[in-house]
Amino acid sequence: MNGWDMGEDETFDRWEGESLSARAMAARPTPYLDGLNPAQRQAVETLDGPVLVLAGAGTGKTRALTTRIAHLLNTGRAQPNEILAVTFTNKAAREMKERIGHHVGGMIEGMPWLGTFHSICVKLLRRHAELVDLKTNFTILDTDDQIRLLKQIIQAEGIDDKRWPARMLASLIDGWKNRCWTPEKVPSSEASAFNHRGTELFEQYQERLKVLNAVDFGDLLLHVVEIFQKHEDILAKYQRWFRYILVDEYQDTNVAQYLWLRLLAGGHKNICCVGDDDQSIYGWRGAEVGNILRFEKDFPGAEVIRLEQNYRSTPHILAAASGVIAANESRLGKTLWTDASDGEKVRLIGHWDGEEEARWIGEEVESMQNGTRGLDPMGLDNMAILVRASHQMRAFEDRFLTIGLPYRVIGGPRFYERLEIRDAMAYFRVTVSSDDGLAFERIVNTPKRGLGDKAQQMINKVARDNGVGPLEGARIVVRDKLLAARATNALRELIEGFDRWSAMLTAGHDHVELAEIILDESGYTDFWKNDKSPEAPGRLENLKELVKALNEFENIQGFLEHVSLVMDNGQEQEGEKVSIMTLHAAKGLEFPAVFLPGWEDGLFPSQRSMDESGLKGVEEERRLAYVGITRAEEVCTISFAANRRVYNQWQSSLPSRFIDELPAENVEVLTPPGLYGGGFGAAATAEIPGVMRGSGLQEKAARADAYNSPGWKRMAARAQHRGTRQPSEARNMVIDMEAASPFEIGERVFHQKFGYGRITDIEGDKVTVDFEKAGTKRVVASYISAEDQIPF
DNA sequence: GTACACGAACTTTTT
DNA sequence: GTTCGTGTAC
């Protein structure tokens, strides 16, 4: 293992007997350069030395980046395995791979060093694990494991974990790791953290990780940096090896990532960072805008290239976004421009409350879908609702469910984070390595085996006393009959299970089959089959999904590694659906039509962000606003509600300060629908202080009376239209005919979101169901299934 | 040791 | 409105 030699590894296979210049001679034509604008071309062709590409939203950033790599390869400057290309998300990495392949044809055998910071670090760390006292098969803890471990430490110290919760310590330690601080390096200014015990607990935590042969997310970076700093020879090899380094989304790098990059770029100094300071929205996670602002100082002689021509949005949308972001103090400054012709103004509308906002957006989506807005009909895939915080999503889900509008939530609870997936993974982990204590702990008593706290404490104690892993400890407990007969038997059975499964694993039994066997024999599948809760069917479905996913891997180990690193779940792409997601999740995406609801002070900008980070916080929120607006290609609709239900009580709020920053000439104020239902109308809009504060929107609002406002006209037009053919009607008719009232009153049914319930009323395609958990709801029949037809 | 019921606290964003 | 954790009853 220590015979570390790059030459032996496929990822370090250099062409023999051919000098670089010779390869350069063999350069092929460069058709991929055609169609680039001058700035993009410069970004692609400035290959040597440090380069910072400041790429505004929608300026062809990814294109420049991938073309640059294609160019490096095509000119023979580097082999695919000599290029280090880092991204933040697996999705971005995947997309880059695809697009490079497209440029260069099939000639690339894959780029082993194109990936996320984390996945590349795992690769590096597995090679050099022993240098930081780890074994090469170390496990990567997920957040859940991390919290549980910290909780144990806190409790062992006799600290009240109510007052000092493990979550708090976890985020503290994460923050330190983001700044590349090991326990010794945490500055004394942090000494008072976590009741003055922070640093000490951090140290203990690191000790425990070492014993467990485990690392957390932050460690992946930290350990590699440490190896580079302590072992010059190793660093030098990598510095030599990576001829060219490319970094995507540079504005999102934290200090640890920055140091990592700087170390690796120290040799050839061919580092190209692409980013947009205006889209730095991960400050709370340790990202340092400073990294991008300082680039020229860090890398002397750096060339800075600005991509400013926007290919995505109409001029009004672009101008609105620019107007907002201009209010930020600390930015490098870019002036986005476009050739596109005029298009619609950004639309702004206020509502009485959050439910009305959801209702209005629902109708708006339907009318866009039908092309009733005077525009061409637009597919649901082309529309997105971008919210600040995930809890805002529920209002839309509820509404869309009721009217039967297909939607898709992007980036919700991730697949691998789900309870049942974690449990299943824990079984696999113990099977693979019997000393994975955290995993063992997780499942000793899941499903219930009568091995409660007392039994677990006994196992832990025995394991510790004998200096062995928990599974071995459990073996001793069984052997010496340290527990009641029933518990002993249960434990014996579990141990025998693991013995059997790991034997099968060693024997090379098919891993997909093995996974099924483990889940069945352990009783885990039955556990959920017997569970009566509404989530149970979904969980079983997820388990099936998990086993299916195993097919794509050669063995369970590879799969475990994949899951611990791949944060995104494969989104089902089928069917036309509106997307609902957070602004953060929307970065990098674009949609013809974008809705931005909830622009109210306190919600957006978020109160918490302002409280915690003051002006810096507001600036980051403003960048978030900028990201939101620039997602829109053709139509961008911003809205706010005067009242919103928070927890259980009503709270009224003022429109977001960002609304004031929208340039009046690029905004069209729509009249709220309440106008013709009575209640909240144009007058009320004008009454809300702030909406039009000092921006000239005031006159606009004043003019936006019932009959003149384009908003009203549209409203009236739609009302008429509705009379003849309601948008959702056509679609529902099909459903009606296909499934002519498949239900009857009193029947027990299942609904994806609300669970089980009994039908109390049927009215056309709408069914009223008294749900056991969710209460009485009126839903579209196609969204519920008869009890005996639950899909699993 | 488990099952259920009640109460508290929480909601930003996540590689 | 939820989820999580604690307390009580079996």
Side-chain angles (χ1 to χ4, degrees), chain A residues 86-93 115-122 140 142-143 146-147 151 161-163 165-167 170-171 174-175 177-178 216-221 248-249 252-254 256-257 280-287 386-395 397-398 410-414 416-417 419 445 447-457 483-484 486-487 490 531-533 535 564-569 581-588 598 602-613 617 620-621 623-624 627-628 644-649 754 773-775:
Chain A
V86 236
T87 62
F88 274 86
T89 64
N90 295 289
K91 202 172 133 214
T116 63
F117 276 102
H118 298 281
S119 64
I120 290 172
C121 281
V122 173
I140 303 163
D142 62 28
T143 336
Q146 195 186 351
I147 302 270
K151 195 164 179 176
D161 66 335
K162 266 276 152 56
R163 247 179 80 82
R167 293 198 162 280
S171 68
D174 275 348
K177 288 187 174 176
N178 285 337
D216 66 17
F217 256 86
D219 283 340
L220 291 173
L221 258 298
D248 192 18
E249 307 279 18
D252 289 338
T253 51
N254 62 31
Q257 288 155 342
S280 166
I281 54 175
Y282 285 109
W284 50 274
R285 209 173 65 192
L386 312 182
V387 297
R388 174 64 183 87
S390 52
H391 65 78
Q392 289 171 264
M393 292 179 181
R394 205 178 51 220
E397 290 193 59
D398 283 352
I410 304 213
R414 279 173 302 264
Y416 87 104
E417 268 180 358
L419 179 84
N445 205 26
K448 300 271 183 286
R449 299 190 172 87
L451 298 166
D453 277 352
K454 232 176 75 189
Q456 289 181 42
Q457 274 167 21
L483 293 169
R486 246 173 79 184
D531 190 296
K532 294 283 175 288
S533 68
E535 305 90 62
S564 56
L565 287 172
V566 173
M567 320 303 274
D568 52 356
N569 27 349
M581 69 187 98
T582 63
L583 286 162
H584 283 87
K587 194 168 78 155
L603 183 59
F604 187 43
S606 109
Q607 195 57 49
R608 179 145 168 193
S609 164
M610 292 189 287
D611 291 346
E612 277 172 13
S613 320
E620 181 151 317
E621 296 284 307
R623 292 192 289 266
L624 213 37
V627 168
R644 211 171 272 281
R645 200 162 36 199
V646 184
Y647 305 137
N648 217 3
Q649 50 204 1
F754 302 131
K773 287 261 152 59

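A note on names: the letters A, B, ... follow the listed sequences, proteins ahead of strands, and every chain is numbered from 1. Here the structure is a predicted model, which is why all the values come from computation and not from measurement.
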Open item on the list: On the nucleotide B:dT11, are OP1 or OP2 found under 4.0 Å from the side-chain N or O atoms that A:Ser606 carries?
Closed with: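 It does not, given that no N or O in the side chain of A:Ser606 lies less than 4.0 Å from OP1 or OP2 of B:dT11.
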Open item on the list: I want to confirm an ordering. Mapping A:Arg449 and A:Arg285 to their closest nucleotides on DNA chain B, which one lands closer to the 5' end?
Closed with: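 Going by which nucleotide is closer to the 5' end, it is A:Arg449.
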- [ ] For A:Arg167 and for A:Ala455, find the nucleotide of DNA chain B with the closest heavy atom, then tell me which residue's nucleotide is more 5'.
- [x]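 Closer to the 5' end of DNA chain B: A:Ala455.
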Open item on the list: Does A:Gln456 reach a base, just sugar-phosphate, or nothing at all? Heavy atoms under 4.0 Å.
Closed with: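 Nothing: the residue A:Gln456, judged by heavy atoms under 4.0 Å, touches no strand.
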Open item on the list: Once you apply a heavy-atom cut-off of 4.0 Å, does A:Ser609 come out as touching a base, just sugar-phosphate, or nothing?
Closed with: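 Touches a base.
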Which whole-number value in Å describes the distance from [X] [atom1] to [N] [atom2]?
| X | N | atom1 | atom2 | value |
| --- | --- | --- | --- | --- |
| A:Gln392 | B:dT13 | CD | C1' | 11 Å |
| A:Leu603 | B:dT13 | CG | P | 11 Å |
| A:Asn445 | B:dA3 | CG | C1' | 13 Å |
| A:Ile147 | B:dT14 | CD1 | P | 16 Å |
| A:Gln146 | B:dT14 | CD | C1' | 13 Å |
| A:Leu483 | B:dG1 | CG | P | 9 Å |
| A:Leu221 | B:dT14 | CG | C1' | 15 Å |
| A:Lys587 | B:dT14 | NZ | P | 12 Å |

Open item on the list: Any non-hydrogen side-chain atom of A:Met581 less than 4.5 Å from a side-chain atom of A:Leu386?
Closed with: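 Touching, per the 4.5 Å side-chain cut-off.
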Task: Sub-4.5 Å side-chain heavy-atom contact between A:Phe604 and A:Leu624 - done: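 A side-chain contact exists here, since the closest heavy-atom pair is under 4.5 Å.
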Open item on the list: I want to verify a distance call: between B:dT13, B:dT2, C:dG1, whose nearest atom is closest to the A:Arg394 side chain?
Closed with: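 From the listed options, C:dG1 comes nearest.
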TODO: Compare the minimum distances between each of C:dG5, B:dT11, B:dT13 and the side chain of A:His391, then state the nucleotide with the smallest one.
DONE: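 Nearest listed nucleotide: B:dT11.
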Open item on the list: Does the structure show A:Trp284 stacking with B:dT13, if we require the centres to be closer than 5.5 Å and the planes to be within less than 30 degrees of parallel?
Closed with: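 Stacking between A:Trp284 and B:dT13: present.
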Task: A:Glu620 bridged to A:Arg623 by N-O distance under 4.0 Å - done: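 Yes, A:Glu620 and A:Arg623 are salt-bridged.
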Open item on the list: Parallel, tilted or perpendicular: which one describes the rings of A:His584 and A:Trp284, with boundaries at 30° and 60°?
Closed with: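 Rings of A:His584 and A:Trp284: perpendicular, as their planes differ by over 60°.
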- [ ] Of all the heavy-atom pairs spanning A:Ile281 and A:Lys587, show the shortest one and how long it is.
- [x]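 Here A:Ile281 and A:Lys587 meet closest at CD1-CD, 3.8 Å.
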